Amino acid sequence: MRRRDEKFPENGFEDGGGYMQVKIAKLEAQFSSCAGKEVIRLSNIFNGVSIYVNGFTKPSAEELKELMAQHGGVYHTYQRSNDYIIASNLPDTKVKNMSLSKVVKPEWISDSIAANSLLDYRKYLLYKNSRTQPQLNFNKLTATNIKTDESHIKDEKDNIELNLKYNNSDKQINEMLGANTNVSTTDTKPALNKVNTNDCIAKTAVDPNFISEFYNNSRLHHISQLGAFFKQHVNDLRDASDFSFPARATLKSKILSSGTSLVADTNFDNGKVIIHIDMDCFFVSVGLRKRPELRGKPVAVTHSKGSKPQTKREGVDRNTEFNLYKQKQAKKLGKVTGIKEDEIVFESRVDNVGDEDSEYGSLSEIASCSYEARAKGIKNGMFMGPALKLCPNLQTIPYDFDGYKEVAYTLYNTIAQYTLDIEAVSCDEMYVDCTELLKDLKVSVQDFATALREEIKDKTGCPCSTGFGSNRLQSRLATKRAKPDGQFFLTSDLVEDFMFGITLKDLPGVGRQTSQKLESLGHQTCGSLQTLTLGLLQRHLGNKTGAQLFDQCRGRDPNPLTFHTIRKSVSAEVNYGIRFETNDQCFLFLKQLSAEVHSRMQHFKVLGKCITLKLMVRAEEAPVETAKFMGHGFCNVLNKSTNLTNATNDVEIITKEVISLCKKQKINPKELRGTSCDVKNQIKVEDNTKNPVTPKKKSISLSMNKSPKHGIKSSPVKRRGRPPKSLKNSLTIAKSGMDKFLAGEIQVKEELPVQTVPEIIQDEKPKRADSNPDGLMSLSWEKVRELLRAWLDSGQAPKLCDTRMIATYLSKLVAKKDIDKVYILMNFLKRRTHEIGLDIWIEVYNYVLEDVQNSMIAVYGKKLWINN
DNA sequence: ATCCTCCCCTAC
DNA sequence: TAAGGTAGGGGAGGAT
């Protein structure tokens, strides 16, 4: 929106040294002096240093936290990429997969303090001649706006814990147990519970370190967390951006000078250009950066490196167990297709698995495999054993979870230089609406894609593929065609023929069950499915799915990209290593799981109302000993949920409900093979783009309707007071401060330190200036209002930087769903700017309003209601 | 009809 | 050995 800026008179809007910034600096000075009452600042040795503590250390994590605060450093509860990792020892499994170049002994901290200066951390590396990984340097990013945005975002937030650590979990659990049960703590119980929490690798869920150990190694956990992280990253980038993209100019000149420019642009329907970007076999590509000699060979990422057959475990019966899986699948397919279940032919992942002690017996799963491996028939998710059978010279490489995150960062930030109309799908995949971007660049789609892919490959060392289309479905299918390392443009003239040949299984949302069902109806391709009527599809597949399929097989997709995501549920699940002897062990684990969910909820600042417990219980026919080591085996699955009257994030309530749900099931703890704890949301969102959101006095649940087209016209006006009972899934943004008065029905358990200064009425306690790269968000909104008032009264011409700052702040409030505050501040701003009556101040108001309304649309799908 | 609850499916 | 998580959409069937 550079144009927006240009319409302001130049003199009043030059950047830098704005009124607000000066004011904020003063405020921060005040804060740091009054913050001194809480943390006494002894030195600034650790200025610019941030640490993350991994495992048991001396001094303890708590102590290190305090030391960092006293000496000017930053302590992170969750690991961030710039952190020094403080550790005294690390489990082998962890060491294998992480970059060790910044793993430092705690003595570095204590010695530095003793010496009163920051000592060279390299002298304190835990692993001396550590094979330092060629880490990508985020600061190399060219776009300056990204650089600044990202650095502050990294400091300010990090909702996702990629490296889950439970510094407090033992303590918490012991406290909980001490309070109300007779389960002994680890040191009083012999045998099973006797675990050295520091250097023993957790084997089963009985071990207090198990969750952390497991999550550190779980690819699925990482995939999930990374996905959530980058969705949030896009949210954050958008919140912080002024939507000017200086890097576009560079890209444009690069494209023009490359001389390949095609003049004629390809035409897309409805003028939209959607690009889908997907890294090629992501985990493998990242891994190959360190193993270039394996390029061109069949490669798989897996935990198992091992070739040698293992000794048999007592009681394992692969045949019985695998047959149970196949029977169940056959039964399901029989039901779905109407074919007799014993006549159904289908391929299963338990096919071709060798005996436990055979060369091909490994049940380790392949997370990702190279195209050379795929050529041999190997697929992601396949067991290692059968894969080796297909390709005996399959090379394996280990996971590199840090690497995935780094590459993903680079990928996202590369795109974000040019546009923020991004919908994050996962860490290695996204949709981008390029309509506006391409208009601005005035280059062909082809040249743009070529340049973009080249830049991504240069920066990450990993190839990606892109597809273009006029909607998300088309672009996605185009990417599939483009792979590997290619690009494809599904122009509107191609769509019809292209769709005709697409396999139904390739449609997003059509998995094994659906495609089997469709096949039993006699259809394998989109072209063939097009002969079916909407009604028939709906009868067989349900209303929604049928309608979606009807559209999809014609290349239609009415769903727009969603740039801003809102989370609706939080859960934690472990279906591996669950082996309990007693109920107490089971409940203890559920407490840990609840604590995990609770801590995630805290990070997302959400409350939830509906708590679901999922249990996997060994099926009666299934062997007690599972085929896969520590796996869940063949199980029955149970889901039980409770609906609380009030949304909460109280760990004790969650724990209590979860355990009570579990108790009701009367499961023999020895038969338990998996557990999950899920807290769901209940914000309901109103459709209705016409009716603006007005802040509700009594309810913070904003009513919105999800289905955009089957328009439901519920007016927001009738939604005073408590929301209808019917609203389900309440996960509400945690409120505090003023909102407590507005949100009568929500209980918020404050987990703030007790010594809250009474003068500070508001929720957000000001942070210290040095940990506060972004001014306004760290202030209470009332402080912001004061600042705003002072600015308006200053008699000076408004500057662009101040205007932007306010706009950004308010947009962030929108994203945080602090609509009440936005409402007050916007009306305040409107009133005061209009009182002043100068055009330039009116422009300021309009500028801010535009940003706020854009955010409102992104978050709620409708505009904020403003007085008059 | 419309809900609630449990369950299934899909995707990464 | 092995690390089978997580969020979201939606359907079936009973309760209201």
Side-chain angles (χ1 to χ4, degrees), chain A residues 93 97 201-205 210-228 230-231 278-279 282-283 302-306 308-313 316 332 336 349 356-357 361-365 367-368 380-381 383-384 399 424-430 476 505 507-515 517 541-546 548 565-578 597 600 610 612 614 616 626-633 635-643 673-674 676-678 680-681 706-707 724-729 731:
Chain A
T93 47
N97 285 329
I201 292 173
K203 280 193 69 174
T204 75
F210 181 79
I211 294 192
S212 147
E213 182 75 25
F214 171 65
Y215 278 160
N216 277 334
N217 289 294
S218 162
R219 78 184 195 283
L220 291 170
H221 172 78
H222 282 271
I223 287 170
S224 179
Q225 300 301 94
L226 282 167
F230 284 101
K231 283 175 188 180
D278 194 358
M279 303 298 285
F282 186 55
F283 284 12
T302 161
H303 280 296
S304 134
K305 61 240 110 186
K308 66 280 149 182
Q310 289 302 305
T311 49
K312 284 198 176 194
R313 273 173 294 130
V316 173
K332 223 183 289 181
V336 146
R349 56 190 249 130
E356 203 184 355
D357 53 354
S362 169
L363 295 179
S364 176
E365 283 172 41
S368 174
N380 291 352
F383 291 132
M384 198 49 195
Y399 289 91
V425 177
S426 70
C427 64
D428 74 322
E429 183 185 343
M430 69 183 94
R476 194 176 200 279
K505 179 77 220 331
L507 293 176
V510 177
R512 186 157 69 161
Q513 308 297 325
T514 315
S515 60
K517 187 181 274 197
L541 298 146
N543 280 335
K544 295 257 183 156
T545 319
Q548 188 187 330
T565 58
I566 301 165
R567 167 182 288 261
K568 293 169 195 156
S569 74
V570 176
S571 69
E573 186 164 349
V574 177
N575 301 309
Y576 179 85
I578 302 295
V597 171
R600 292 182 196 182
C610 177
T612 305
K614 187 182 91 167
M616 296 184 80
T626 56
K628 192 203 273 280
F629 176 71
M630 286 296 134
H632 55 61
C635 284
N636 296 320
V637 182
L638 274 115
N639 284 279
K640 295 294 160 195
S641 52
T642 335
N643 249 317
R673 293 290 181 269
S676 138
C677 171
D678 194 344
K680 277 201 185 58
N681 166 7
K706 298 224 223 85
S707 72
K725 280 272 163 30
S726 62
L727 296 187
K728 73 166 165 195
N729 300 338
L731 187 75

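This structure is a prediction, so every number in the text was calculated from the model and none was measured.
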Mark yes or no for whether [X], through its side chain, and [Y], through its backbone, hold a donor-acceptor pair below 3.5 Å.
X: A:K628; Y: A:L363; answer: yes
X: A:R673; Y: A:N636; answer: no
X: A:H222; Y: A:Y215; answer: yes
X: A:R219; Y: A:T302; answer: no
X: A:R600; Y: A:S571; answer: yes

For [X], report the nucleic acid contact type (base, sugar-phosphate, nothing); a contact means any heavy atom under 4.0 Å.
X: A:G633; value: base
X: A:Q513; value: sugar-phosphate
X: A:L507; value: sugar-phosphate
X: A:S224; value: base
X: A:T514; value: sugar-phosphate
X: A:F214; value: sugar-phosphate
X: A:G542; value: sugar-phosphate
X: A:N543; value: sugar-phosphate

_Contact check, side chains of A:K614 and A:V637, non-hydrogen atoms, under 4.5 Å_ =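 Contact flag for A:K614/A:V637 side chains = yes.
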Rounded to the nearest angstrom, tell me the gap between atom [atom1] in [X] and atom [atom2] in [N].
X: A:H303; N: C:dA3; atom1: NE2; atom2: C1'; result: 5 Å
X: A:F283; N: B:dC12; atom1: CZ; atom2: P; result: 13 Å
X: A:N636; N: B:dC7; atom1: CG; atom2: C1'; result: 13 Å
X: A:M616; N: C:dT6; atom1: CE; atom2: P; result: 14 Å
X: A:L220; N: C:dA2; atom1: CG; atom2: C1'; result: 13 Å
X: A:D428; N: B:dA11; atom1: CG; atom2: C1'; result: 12 Å
X: A:E429; N: B:dT10; atom1: CD; atom2: C1'; result: 13 Å
X: A:E365; N: C:dT1; atom1: CD; atom2: P; result: 15 Å

- Of A:I223, A:D428, A:L226, which is the lone residue that meets side-chain contact (heavy atoms from CB on, under 4.5 Å) with A:F282?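 The residue from A:I223, A:D428, A:L226 that satisfies side-chain contact (heavy atoms from CB on, under 4.5 Å) with A:F282 turns out to be A:D428.
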Between A:F210 and A:V574, what is the shortest heavy-atom contact and its length?
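Of all heavy-atom pairs spanning A:F210 and A:V574, the closest is CE2-CG1, 3.8 Å.
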In terms of side-chain heavy atoms of [X], which of [options] is nearest?
X: A:S641; options: B:dT5, C:dG4, B:dC12; value: B:dT5
X: A:K640; options: B:dT5, B:dC6, C:dT1; value: B:dC6
X: A:R476; options: C:dG5, B:dC12, C:dG4; value: B:dC12
X: A:E213; options: C:dG4, C:dA3, C:dG5; value: C:dA3
X: A:R313; options: C:dA3, C:dA2, C:dT1; value: C:dT1
X: A:S571; options: C:dA2, C:dA7, C:dG5; value: C:dA7
X: A:T545; options: C:dT6, C:dG11, C:dG4; value: C:dG11
X: A:N639; options: B:dC7, C:dG4, C:dT1; value: B:dC7
X: A:S426; options: C:dG5, B:dC12, C:dG4; value: B:dC12
X: A:S569; options: C:dG5, C:dT1, C:dG8; value: C:dG8

Specify the residue among A:R219 and A:F629 whose closest nucleotide of DNA chain C lies further upstream toward the 5′ end.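 The 5'-side residue here is A:F629.
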For A:Q548 and A:R349, find the nucleotide of DNA chain C closest to each by heavy atoms; which residue's nucleotide sits nearer the 5' end?
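On the 5' side of the pair lies A:R349.
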Does a side-chain N or O of [X] approach OP1 or OP2 of [N] to a distance below 4.0 Å, or not?
X: A:K680; N: C:dG8; answer: no
X: A:R512; N: B:dT10; answer: no
X: A:K231; N: C:dA7; answer: no
X: A:K568; N: C:dG9; answer: yes
X: A:Y399; N: C:dA3; answer: no
X: A:T612; N: B:dC6; answer: no
X: A:N575; N: C:dG5; answer: yes
X: A:S676; N: C:dG5; answer: no
X: A:H221; N: C:dA3; answer: no

Name the residue closer to the 5' end of DNA chain B, choosing between A:V425 and A:K332 according to the nucleotide with the nearest heavy atom.
->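 First, find each residue's nearest nucleotide; the 5'-ward one identifies A:K332.
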